Amino acid sequence: MTATGDQPDGDDRRRVVLVLQGGGALGSYQAGVFEALVEAGLQPDWVAGVSIGAVNGSLIAGNPPEQRLERLREFWLRITAPTALWPRHGPPVLERLEQRAGALGALLFGQPGFFRPRLPFEWFTDTPPVSFYDTGALQGTLAELVDFERIARGPTRLTVGAVNVETGNQINFDSRHMRLGVEHVMASGALPPGLAVVEVEGEAFWDGGLVSNTPLQVVMDDAPREDSLIFQVDLFPARGPRPATLDEVLEREKDIRYSSRTRAGTKSASERQSLRLELTRFLDRLPAKLQRDPVAQHLRGLSCRARMDIVHLIYRPDVPQGSQKDFQFDRGTMSRRWEQGLADGRRTLQAAPWRAPVPAGTGVRVFDVTRPAPAR
């Protein structure tokens with residue numbers, strides 16, 4: 001394991017987990033955070049992602065450690081159109097114009113290496129499309145940049161979340177239990193009605209963010225549980241200011257919808273894990289005769305000694321991004337988000353609050369050392 005965690009001597013052998021939320025064009029923030037982790041010598045043992053988080057996760061798990069950052073950068077440069085005429089660090093008003101132009105360009109023309117609008121004649125065939133865009137280009141990009149054989153060999157575990165279209169159930173495709181291919185990653189990001197369903201073994205799947213955009217639950221419920229240092233990189237802040245314009249209303253609604261009640265979910269997972277730890281401590285105090293009791297043995301199966309630290313890194317931009325922020329694929333906006341992820345990651349790793357000794361009876365600790373959302 002590669003974490004430098006909360007042991008007094010710095011020797012932390014915990015599993016390192018990277019949890020990546022969905023969010024389309026916002027995903028370059030996650031790439032910036034990963035760059036900070038690489039700088040600190042941290043490489044994940046397990047990546048769990050949804051939608052663009054699944055894409056970023058496949059680029060990480062599907063490449064050797066020394067090539068992961070390069071592949072992430074190549075992917076994000078490939079799918080963002082150059083905007084050389086825009087000032088690199090202009091005032092906020094120019095940033096907003098660039099973002100709107102990027103969003104409009106994505107809607108009208110798609111993104112290279114990612115998706116394209118359906119052609120007019122496609123709508124007049126016997127089987128018209130069930131989505132506005134075609135993602136064949138993304139399939140080719142992933143096939144080129146991701147080594148799915150490496151994922152199958154399993155040095156780094158990968159889990160991607162999708163939703164079964166017919167049952168409505170969340171499905172987690174996990175490289176520990178099955179062989180993952182490009183179709184599993186594509187299914188995790190097939191957000192309707194923009195993108196079409198993706199078939200996996202004869203069943204149709206949509207974007208996992210429709211049910212849960214934050215794949216923390218699959219990590220916390222994994223068995224057997226292990227001591228873990230979990231970096232959860234969210235793209236939609238659960239907290240935010242009261243909107244003052246209609247576009248800010250639409251942006252705030254999207255934040256609330258796709259943040260997947262992050263804080264409530266984290267609190268619930270923390271309470272359950274702390275209860276498992278307390279149950280372990282209680283059972284250890286029972287006399288040997290009572291420990292052999294069937295009820296005690298059943299409770300032992302529900303208990304857990306694992307300790308987990310969850311480190312939140314949440315994309316909180318300094319200025320409003322607009323309701324189109326998840327499809328603002330212009331190069332300048334992508335770069336700014338990457339840089340913010342890198343800065344937030346460095347700040348978090350420098351603070352490293354998980355190094356502090358763990359209080360007795362604590363199963364989960366949650367940290368968020370990045371700056372709060374500014375008032376608008």
Side-chain angles (χ1 to χ4, degrees), residues 20-33 36 50-53 56 76 79-109 111 114 189 191 194 207 209 213-214 232-264 312-348 368-376:
L20 303 177
Q21 197 176 72
L26 304 174
S28 60
Y29 175 84
Q30 295 172 340
V33 171
V50 167
S51 197
I52 197 64
N56 284 334
W76 282 97
I79 69 167
T80 54
T83 50
L85 296 179
W86 292 96
R88 186 65 185 86
H89 294 286
V93 64
L94 285 182
E95 288 185 15
R96 291 291 295 123
L97 289 174
E98 182 181 16
Q99 289 167 348
R100 290 178 180 176
L104 181 60
L107 283 174
L108 295 178
F109 308 113
Q111 292 300 128
F114 200 158
L191 183 64
D207 192 302
N213 199 39
T214 309
Q232 179 177 322
V233 190
D234 290 352
L235 303 177
F236 295 95
R239 295 181 178 178
R242 181 175 177 174
T245 67
L246 181 57
D247 190 58
E248 288 182 7
V249 168
L250 296 173
E251 179 183 3
R252 186 72 195 116
E253 182 272 336
K254 187 173 286 186
D255 286 342
I256 294 171
R257 175 156 43 101
Y258 286 118
S259 65
S260 293
R261 301 180 69 244
T262 297
R263 294 184 183 276
H312 279 170
L313 291 108
I314 304 172
Y315 177 52
R316 301 182 178 107
D318 293 327
V319 296
Q321 300 290 288
S323 57
Q324 316 90 11
K325 61 184 178 181
D326 50 339
F327 51 94
Q328 292 166 350
F329 283 99
D330 58 279
R331 178 69 57 81
T333 300
M334 181 278 290
S335 299
R336 286 189 289 272
R337 288 168 178 163
W338 186 304
E339 290 168 0
Q340 183 172 336
L342 177 59
D344 287 351
R346 285 171 173 168
R347 186 180 302 111
T348 298
D368 181 358
V369 300
T370 57
R371 63 187 182 280
R376 293 180 185 173

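Side chains are part of it too, since the values below use all heavy atoms of this structure and drop only hydrogens, waters and symmetry mates. A quick note: this is a predicted structure, and the numbers were derived from the prediction, not measured.
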Do NZ/NE/NH1/NH2 and the carboxylate oxygens of Asp318 and Arg336 come within less than 4.0 Å?
-> no
Only counting residues at least two apart or in another chain, list the ones meeting side chain to side chain donor-acceptor pair (under 3.5 Å) with Gln99.
-> Arg96, Gln321
So how far is it from Arg239 CZ to Ile256 CD1, rounded to the nearest 0.5 Å?
-> 12.5 Å
Closest heavy-atom pair, Ser51 versus Gly22, reported as atoms and distance to 0.1 Å, is CB-CA, 3.8 Å
Under the side-chain contact (heavy atoms from CB on, under 4.5 Å) criterion, do Arg337 and Leu235 qualify, and how do the steps go?
-> CA-CA 10 Å; Arg337 288 168 178 163; Leu235 303 177; over 6 Å; no
Could I get the full list of side-chain contact (heavy atoms from CB on, under 4.5 Å) partners for Leu107, not counting sequence neighbours?
-> Tyr133, Phe327
Atom CD of Gln340 and atom OH of Tyr315: how far apart are they, to the nearest 0.5 Å?
-> 5.5 Å
Start with the C-alpha distance between Val50 and Thr214, add both sets of side-chain angles, then the distance that settles side-chain contact (heavy atoms from CB on, under 4.5 Å), and finish with yes or no.
-> CA-CA 7 Å; Val50 167; Thr214 309; over 6 Å; no
Mark yes or no for whether Asn213, through its side chain, and Gln21, through its backbone, hold a donor-acceptor pair below 3.5 Å.
-> no
Do Thr348 and His312 come close enough that some side-chain heavy atom pair is under 4.5 Å?
-> no
Decide, yes or no, whether a salt bridge links Arg316 with Asp368 under the criterion of side-chain N to carboxylate O below 4.0 Å.
-> yes
Look up atom CD1 in Ile314 and atom CD in Gln232, then write down how far apart they are to the nearest 0.5 Å.
-> 7.5 Å
State which residues pass side chain to side chain donor-acceptor pair (under 3.5 Å) with Arg257; sequence neighbours excluded, sorted by chain then number.
-> Glu253
Does Thr80 offer a backbone N or O that forms a donor-acceptor pair with the side chain of Arg331 under 3.5 Å?
-> yes
Mind checking the CZ-CG spacing from Arg100 to Asp330? Nearest 0.5 Å is all I need.
-> 13.0 Å
Gln30 backbone acceptor or donor facing Asn56 side chain under 3.5 Å | no
Distance in Å, Gln324 CD paired with Leu104 CG, rounded so as to fall on 0.5 Å steps = 9.5 Å
Pairs satisfying ring pair (Phe, Tyr, Trp, His ring centres under 6.0 Å), at least one member in residues 238-260, at least two apart | Phe236-Tyr258
So CD1 of Ile52 and CD1 of Ile79: to nearest 0.5 Å the spacing works out to 5.5 Å
Of the non-hydrogen atoms in Ser323 and Leu250, which two are nearest, and what is the gap between them?
-> CB-CB, 3.4 Å
Check Pro320 against Glu248 and note the closest heavy-atom contact, atom names and distance.
-> CG-OE2, 3.9 Å
Sequence neighbours excluded, which residues qualify as side chain to side chain donor-acceptor pair (under 3.5 Å) partners of Ser259?
-> none
Residue set satisfying side chain to side chain donor-acceptor pair (under 3.5 Å) with Arg346, at least two apart, ordered chain then number -> Glu39
